[in-house]
Enquirer: 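Just passing along the structure, written as structure tokens.
Residue indices begin at 1 and follow the sequence shown.
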Amino acid sequence: MNSTLGTAGCSRLPHDLLHLIAAKLVRISDYIRFRSVCKSWRSAATPDNLRPQPPLLMLPYHPFTHARSFFSLSTGKVHALSLAESYGKIVLNSARGWLVMLDITTAALCLLNPITGVQIDLPSTADFYRLRAARVSPDLRNYEVTDHKGRRDKLGFNMSFVVYPWEVFLPTNPSSTGNDGGCFVFISILHSRDVIYCTPGDKAWTTLEDVLAARAWSMANREGRLYVLDGHRNLYMFDMADPSRPPAPLLTVTVSLGLAPLFSLACTTSRELLLVTCDPRYAYHGDEPHEDDDGEFFQAFRVDVRGESPEWSKVESVGERAVFWTERQCWLVDVGDFQGCREDCVYLWGARGGRRGGGRARAGVHRIEAFRRDGGGFEVLLEWERSPSDAMRPLWVTTNLQ
């Protein structure tokens, strides 16, 4: 194609020709680029021929830009995407192909599918607890905050949790029409034992007061049962058919998790829960495993939640699954569903860099690594220097084309 044709000329290509070209697209990165050309190309692109895609890592970004970059395991490359809907927003969480977005000017919450552009607005957060009064600075570089004594300070956007101490969970798929009991969005607030939830289209949030022993930490959903792990490591079960009913306490995690700052639930079957923990202190010792590294930065435990006396037991392998980890995420995928994923492997991101020759740490380095549980150690997949514009931490994102 003539490079001087331009977008206007491309938009006049016959629709039948565009459909023939779009039918050849099998990678999500090509699909995204095709759709971004213009309206007529976007209408011609359908996801029918796309292969299942492994999770993408949304790289560090500044909230007051449209640009978002994603690292693809399948291509080993970084792909850029312009998301006009993301301007002025930060991502609180990602699940099932959707981003939970917070407008840092208005504190409004929404769900955004970054591939299709579909956006779902959620009820107002005006009554939610905030740690500090804050507003965005005129130069859009940081927050201007005021504490309870009236003292003023500046705070980077990466410290948004200090202003909005909320964890948002999306245990069900907004696009799903299955039997998971519909789509629910749950919120856990710092120092609160409440569970707050809504379904898309609700005018207000519903609050279940003091139903947990501590703040909700992780959630997993399977066949209409929502399992919630709180900060004191107590496990509860909600009936998604009637989430307004108080949850049923199931058991407490009594196995030693060490100092792992992240622990996350996953449902492997209708009976079995998997608890995965990651401790980042063991993840950054350079290109070769440290002599003290025995894999304990990553541990997994299972429990039969429908057994007579359910107890957690440690598992040495997650089998034909892979774990995806950042400082704010820890979840599993079946590698058979995604080309390019390795079984029993942990994919992780870190911003502290590793120790290089002479034991010196490289500061200001982002690294994406794969940790092989079979003794293969750490493999660096991508490394780049940190930038002042890297205000927000990255998150793993799966693709959802519905």
Side-chain angles (χ1 to χ4, degrees), residues 56-71 78 80-81 83 85-95 99-110 112 114 125 128-147 151-169 187-191 215 217 261-262 264 278-281 283-284 324-330 348-354 361-369 382-397:
L56 306 169
L57 184 68
M58 185 172 67
L59 301 182
Y61 62 94
H62 194 283
F64 285 97
T65 64
H66 294 159
R68 300 291 183 268
S69 296
F70 296 82
F71 173 74
V78 175
L81 177 63
L83 286 176
E85 303 90 346
S86 67
Y87 185 84
K89 298 182 178 72
I90 61 174
V91 182
L92 296 183
N93 204 347
S94 167
L99 307 179
V100 181
M101 310 286 291
L102 169 70
D103 188 310
I104 58 179
T105 302
T106 66
L109 287 173
C110 71
L112 173 68
T125 62
F128 285 2
Y129 173 67
R130 292 163 172 77
L131 278 174
R132 297 188 183 184
R135 69 183 185 93
V136 175
S137 64
D139 60 6
L140 305 181
R141 291 188 175 183
N142 46 49
Y143 290 114
E144 295 177 346
V145 298
T146 305
D147 66 15
R151 294 174 297 196
R152 296 182 179 180
D153 197 0
K154 292 184 178 181
L155 205 63
F157 294 129
N158 63 319
M159 300 293 289
S160 293
F161 64 88
V162 174
V163 180
Y164 307 107
W166 313 335
E167 290 287 344
V168 185
F169 302 94
I187 288 185
S188 170
I189 296 180
L190 183 67
H191 305 316
R215 179 182 185 176
W217 193 270
L262 289 176
S264 182
C278 286
D279 188 337
R281 296 178 308 153
Y284 304 101
F324 288 81
W325 180 87
T326 69
E327 291 184 359
R328 294 168 55 195
Q329 288 176 303
C330 187
L348 61 152
W349 163 87
R352 290 182 286 172
R362 293 184 62 194
V365 173
H366 291 293
R367 302 179 74 179
I368 303 172
E369 298 176 287
L382 184 69
E383 181 177 276
W384 71 104
E385 300 293 329
R386 297 182 67 181
S387 165
S389 63
D390 294 347
M392 305 308 302
R393 301 292 178 90
L395 286 171
W396 290 103
V397 179

Enquirer: Which of parallel (below 30°), tilted (30 to 60°) and perpendicular (above 60°) describes Trp396 and Phe324?
Expert: perpendicular
Enquirer: Please round to the nearest 0.5 Å and tell me the distance separating atom CD1 of Ile104 and atom CE of Met392.
Expert: 7.5 Å
Enquirer: What heavy-atom pair brings Leu131 and Val162 nearest, and what distance separates the two atoms?
Expert: CB-O, 2.7 Å
Enquirer: Using modelled atom types only, decide if a donor and an acceptor are shared between the side chain of Asn93 and the backbone of Val100 within a distance under 3.5 Å.
Expert: no
Enquirer: Got Leu81 and Met58 here, is their nearest side-chain heavy-atom distance under 4.5 Å?
Expert: no
Enquirer: Quick check on side-chain contact (heavy atoms from CB on, under 4.5 Å): which of Arg135, Arg132, Arg152, Lys154 does Val145 satisfy it with?
Expert: Arg132
Enquirer: Is the backbone of Glu144 close enough, under 3.5 Å, to the side chain of Ser137 for a donor and an acceptor to pair up by distance?
Expert: no
Enquirer: So, the side chain of Ser188 versus the backbone of Arg215: is there a donor-acceptor pair under 3.5 Å, distance only?
Expert: no
Enquirer: So how far is it from Trp166 CH2 to Leu190 CG, rounded to the nearest 0.5 Å?
Expert: 12.5 Å
Enquirer: Locate the shortest heavy-atom distance separating Arg393 from Tyr61; write the atom from each residue and the value.
Expert: O-CE2, 4.1 Å
Enquirer: How long is the gap from CG on Leu140 to OH on Tyr87, to the nearest 0.5 Å?
Expert: 5.0 Å
Enquirer: Has the side chain of Trp349 got a donor or acceptor atom that lies under 3.5 Å from a matching backbone atom of Leu395?
Expert: no
Enquirer: Tell me the closest heavy-atom pair linking Met101 and Leu112, and the distance in Å.
Expert: CG-CB, 3.9 Å
Enquirer: Checking the side chain of Arg68 only, and the main-chain atoms of Pro114 only, is there a donor and an acceptor separated by less than 3.5 Å?
Expert: no
